[in-house]
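Reviewing the structure listed below.
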Number of protein chains: 2
Amino acid sequence: MMKVKEVADLVGISVRTLHHYDEIGLLSPDAITESGYRLYSNNNLETLQQILFFKELDFPLKKIKEIIKSPTFNREEALFMHRKLLLEKRNRLDVMIRTIDKTISYTKGEIQMSNQEKFEGFDFSQNPYEQEARERWGDEAIDQSKAKVGKMSKDEQAAMGEKMNEIYRNLAALRHESPASPESQAAIKKWYDILNKMGNYSLEAFKGLGQMYVDDERFTKNIDQFGEGLAAFMRDAMAVYADTNQ
Amino acid sequence: MMKVKEVADLVGISVRTLHHYDEIGLLSPDAITESGYRLYSNNNLETLQQILFFKELDFPLKKIKEIIKSPTFNREEALFMHRKLLLEKRNRLDVMIRTIDKTISYTKGEIQMSNQEKFEGFDFSQNPYEQEARERWGDEAIDQSKAKVGKMSKDEQAAMGEKMNEIYRNLAALRHESPASPESQAAIKKWYDILNKMGNYSLEAFKGLGQMYVDDERFTKNIDQFGEGLAAFMRDAMAVYADTNQ
DNA sequence: TGTTGACTCTAACGTTACGTAATACCTTAT
DNA sequence: ATAAGGTATTACGTAACGTTAGAGTCAACA
């Protein structure tokens, strides 16, 4: 249980913001002391994390409230969507950085840029970013009358979990061979495919994920349950896969 | 000369926004028709580009106005600063994406994340991003009484330009050797160093810039003035340099 | 035990950057 | 010349807090 300022300092927002979120019913602390102090639980913090992700994607608080209060709200699905949208935002930033690079270099060479070029990366309405998000979260998740296409049922989730375990076991069996061997690469391809059913991973991201498997020991521990050294093996196999399939 | 809607559509903002910028004196069109229609010049568009860069970095319009109206305002310097800050913003996004990846994977493995971890990438106040920008633009660029440390005089700029030309010529002379040869790499290192005096280029960015030298023909043309094929040679040398100096 | 200093509360008005009408004039294609 | 679509001004609305202001709370130190 944390008090307002602790939370505010932890996540880098103002106390007033937390007050505000309480006011509008977006995030009310799980407990309140006798003297009226707000006490935030770990659960509250998770919700806050979700809220901030949505905010980073420029969703209005009103919409965020609708979304996370909705009974059909799926935390996992939201995370994958966030990931995807953040990646797109990152790409826009990349384009803007490129635009700057061009501008800088052109200035030196007295080259004229077209007006189009000057604003590459700025026009947010052109790319599907907002559109798609609103369709997905604004309609599908809220309007319960619509069919929940693309969403997984509990059963499907369980099935997917089992498939993932199978791939783990498969990889564990191969882990003493070369990560670049055809068998290893075939197995790791399955891993890539199943991840992409959920989250849309780029090859680069896939490679990065593999690195995390060994960088973060809790990850490592979790994966190595299927066999000592599996995490490291997967990292290598994932790197090879990413590099050879560019 | 473009009318409001043309401009709005080009850059992806609303007509109202342009009206607003005119209202507050941030960006007034260079010309107005008899009937009062706003007509934006190419110059206006460049200013608008600057404004949008600052906005992307969350500067309030009031500050943006102060900055770009200031007589000490240096467009080049601003571009470099923008580049740097956008890169930092991109890095924050990367951290957030990582955080999501962790959250997703941990959820599967029933691993607990620390509260700290949950909010990695969110706390914008901790990194120098805003701080630095305000110091640089809020004080130094505005408050004319302060010394303009770190800023280049006209003379220094000219000197730097001459140095760059020298490197070009040097590289041109080497362009029929291997881009990986010690001489080529020594020359390209100079290029890297001089760019970094101005803009803080990562190795990755440096490599990307090299690619642009051949992707964009205006670039190519400009560079190849020093010798046919120099742009392509530089791209290769820059790639080698980036890869070997990681 | 009293007193500070840092923290917390509610209440309420202020601010930024536009959105959203409403009303009226301008321009261009048919 | 008439309709469709663009533009102008004026003005009120709104979202997400910022910013006092006044008062109570808590932990530690004198």
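In the text below, chain A, chain B and the rest are named by the order of the sequence lines, each starting its count at 1. Model, not experiment: these values are computed from the prediction.
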Testing C:dT8, D:dC17, C:dG19 for proximity to the side chain of A:Lys5, the answer is C:dT8

Quick one: is C:dC18 close enough that its OP1 or OP2 comes under 4.0 Å of any side-chain N or O from B:Tyr21? yes

Do any side-chain nitrogens or oxygens of A:Ser35 fall under 4.0 Å of OP1 or OP2 in C:dT8? no

Of the candidate nucleotides D:dC26, D:dC17, D:dT7, which contains the atom at the shortest distance from the side chain of A:Thr17? D:dC17

Atom-pair distance (CD on A:Glu23; P on D:dT14), nearest Å: 17 Å

Is there a side-chain polar atom (N or O) of A:His19 under 4.0 Å from OP1 or OP2 of D:dC17? no

If you only use heavy atoms from C-beta on, which nucleotide in D:dG6, C:dA12, D:dC26 is closest to the side chain of A:Arg16? C:dA12

Quick one: does A:Asp22's side chain have a donor or acceptor within less than 3.5 Å of a partner on A:His19's backbone? no

What is the distance from NZ of B:Lys65 to C1' of C:dC18, rounded to the nearest Å? 16 Å

B:Lys55 has its side chain closest, among C:dC18, D:dA16, D:dT25, to C:dC18

Could you state the atom-to-atom distance from CG of A:Leu39 to P of D:dT25 in whole Å? 15 Å

Quick check: closest heavy atoms across A:Ala8 and A:Ser14, and the distance to 0.1 Å? CB-C, 4.1 Å

Taking all heavy atoms of B:Lys207 and all of B:Ala242, pick out the closest pair and write down the distance. CB-CB, 3.9 Å

Under 3.5 Å, is there a donor on one side chain and an acceptor on the other for B:Asn44 and B:Ser41? yes

Is A:Ser14 touching bases, backbone alone, or none of the nucleic acid, heavy atoms closer than 4.0 Å? sugar-phosphate

If I take atom CD1 in residue B:Ile13 and atom P in nucleotide C:dC18, what distance separates them, rounded to the nearest angstrom? 8 Å

Between A:Lys62 (NZ) and C:dG19 (C1'), how many Å, whole number? 13 Å

Nucleotide nearest B:Tyr37 (side chain, heavy atoms from C-beta), chosen from C:dC9, D:dT7, C:dA17: D:dT7

Expressed as a whole number of angstroms, how long is the span from A:His20:NE2 to C:dA11:P? 16 Å

Calculate the interatomic distance between B:Glu6 atom CD and D:dT7 atom P; express it in whole Å. 7 Å

Protein-nucleotide distance (A:Met1, atom CE; D:dC26, atom P), rounded to Å: 16 Å

Of D:dA8, D:dA16, D:dG24, the nucleotide closest to the side chain of A:Pro60 is D:dA16

The side chain of A:Arg38 lies closest to which of these nucleotides: D:dC26, C:dG19, C:dC9? C:dC9

What nucleotide among D:dA11, D:dT7, D:dT19 has an atom nearest to a side-chain atom of B:Val4? D:dT7

Taking all non-hydrogen atoms of both residues into account, name the closest pair between A:Ile24 and A:Lys65 and its distance. O-NZ, 3.0 Å

